[in-house]
*Asks:* 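Attaching a single structure in structure tokens format; questions to follow.
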Amino acid sequence: SKLGVTGIQNDIAQDLHNEILKLRARMNTSKIAVGFGISTPEQASKIAQFADGVIIGSRLVKSLEKEGLKKFAQLATQFAGAISGV
């Protein structure tokens with residue numbers, strides 16, 4: 001989903017949708033999940049519109065680490081809602 005290091009990002013790559021289309025054309029039977037740098041439910045929702053799956057790692061781990069289990073669960077629920085609503 002991005003060039004460079006992994007972790008929380010403010011924005012998703014502008015050409016991500018086109019890159020996924022190119023990849024999908026070459027891998028006609030594979031599912032494509034996108035991860036790396038997804039930090040908001042809004043970003044996850046955008047990606048879910050053209051990818052088969054959305055991988056959220058760093059943002060959830062940091063939430064659990066810094067905010068505790070209750071806030072982690074709330075954030076995970078927000079991500080799930082953003083993805084399933086597409």
Side-chain angles (χ1 to χ4, degrees):
S1 63
K2 62 187 266 14
L3 298 175
V5 297
T6 64
I8 298 170
Q9 301 296 312
N10 292 328
D11 298 307
I12 58 175
Q14 298 224 350
D15 61 343
L16 179 59
H17 185 240
N18 289 334
E19 293 299 319
I20 296 300
L21 289 175
K22 288 182 207 174
L23 183 61
R24 196 175 295 283
R26 296 183 78 192
M27 303 176 66
N28 59 5
T29 61
S30 296
K31 299 290 184 183
I32 299 173
V34 176
F36 297 121
I38 300 166
S39 57
T40 67
E42 294 77 20
Q43 290 172 343
S45 179
K46 286 179 187 176
I47 292 170
Q49 293 175 25
F50 56 83
D52 300 303
V54 182
I55 303 165
I56 303 135
S58 298
R59 179 64 179 98
L60 289 173
V61 170
K62 287 188 188 291
S63 174
L64 182 59
E65 180 181 88
K66 294 182 178 185
E67 302 170 319
L69 188 57
K70 184 176 180 180
K71 292 286 187 179
F72 165 84
Q74 290 172 346
L75 182 60
T77 299
Q78 289 174 353
F79 273 109
I83 294 167
S84 66
V86 173

*Asks:* With distance as the sole test, does Glu19 use its side chain to make a donor-acceptor pair with the main-chain N or O of Asp15 at under 3.5 Å?
*Replies:*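 Flag not set: sc Glu19 to bb Asp15 has no pair under 3.5 Å.
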
*Asks:* Excluding sequence neighbours, so at least two apart, what forms side-chain hydrogen bond (donor to acceptor under 3.5 Å, both in side chains) with Gln78?
*Replies:*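 Gln78: no side-chain hydrogen bond (donor to acceptor under 3.5 Å, both in side chains) contacts found.
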
*Asks:* Starting at CD of Gln74, measure out to CZ of Phe79 and round the result to the nearest 0.5 Å.
*Replies:* 13.5 Å

*Asks:* I'd like to know if Val61 and Leu69 are part of one continuous hydrophobic network [Ile/Leu/Val/Met/Phe/Trp/Tyr, side-chain heavy atoms within less than 4.5 Å].
*Replies:*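 No; Val61 is not reachable from Leu69 via cluster members.
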
*Asks:* Can you list the residues that meet the side-chain contact (heavy atoms from CB on, under 4.5 Å) rule with Ile55, with sequence neighbours excluded?
*Replies:* Ala33

*Asks:* Got a sec, which pairs hit salt bridge (Lys or Arg N to Asp or Glu O under 4.0 Å) with one end in residues 23-41, sequence neighbours left out?
*Replies:* Arg24-Asp52

*Asks:* Once you round to the nearest 0.5 Å, how far does NZ of Lys46 lie from NE2 of His17?
*Replies:*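 If we round to the nearest 0.5 Å, Lys46:NZ and His17:NE2 are 13.0 Å apart.
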
*Asks:* Work out which heavy atom in Ile83 is nearest to a heavy atom in Ala44; give both atom names and the distance.
*Replies:* CG1-CB, 3.9 Å

*Asks:* Supply the atom-to-atom distance Thr77 OG1 to Phe72 CZ, rounded to the nearest 0.5 angstrom.
*Replies:*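 The CZ atom of Phe72 is 9.0 Å from OG1 of Thr77, to the nearest 0.5 Å.
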
*Asks:* Quick check: does any side chain N or O of Ser45 sit under 3.5 Å from a backbone N or O of Pro41, one acting as donor and the other as acceptor?
*Replies:*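 Side chain of Ser45 to backbone of Pro41, a donor-acceptor pair under 3.5 Å: no, none is there.
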
*Asks:* Do you know the tightest heavy-atom contact between Val54 and Ile47?
*Replies:* CG2-CG2, 3.9 Å

*Asks:* Under 4.5 Å between any side-chain heavy atoms of Leu21 and Phe50, yes or no?
*Replies:* no

*Asks:* Who pairs with Glu42 by side-chain contact (heavy atoms from CB on, under 4.5 Å), at least two apart in sequence or on another chain?
*Replies:* Thr40

*Asks:* Give me each pair satisfying salt bridge (Lys or Arg N to Asp or Glu O under 4.0 Å) with a member in residues 63-73, each pair once, sequence neighbours excluded.
*Replies:* none

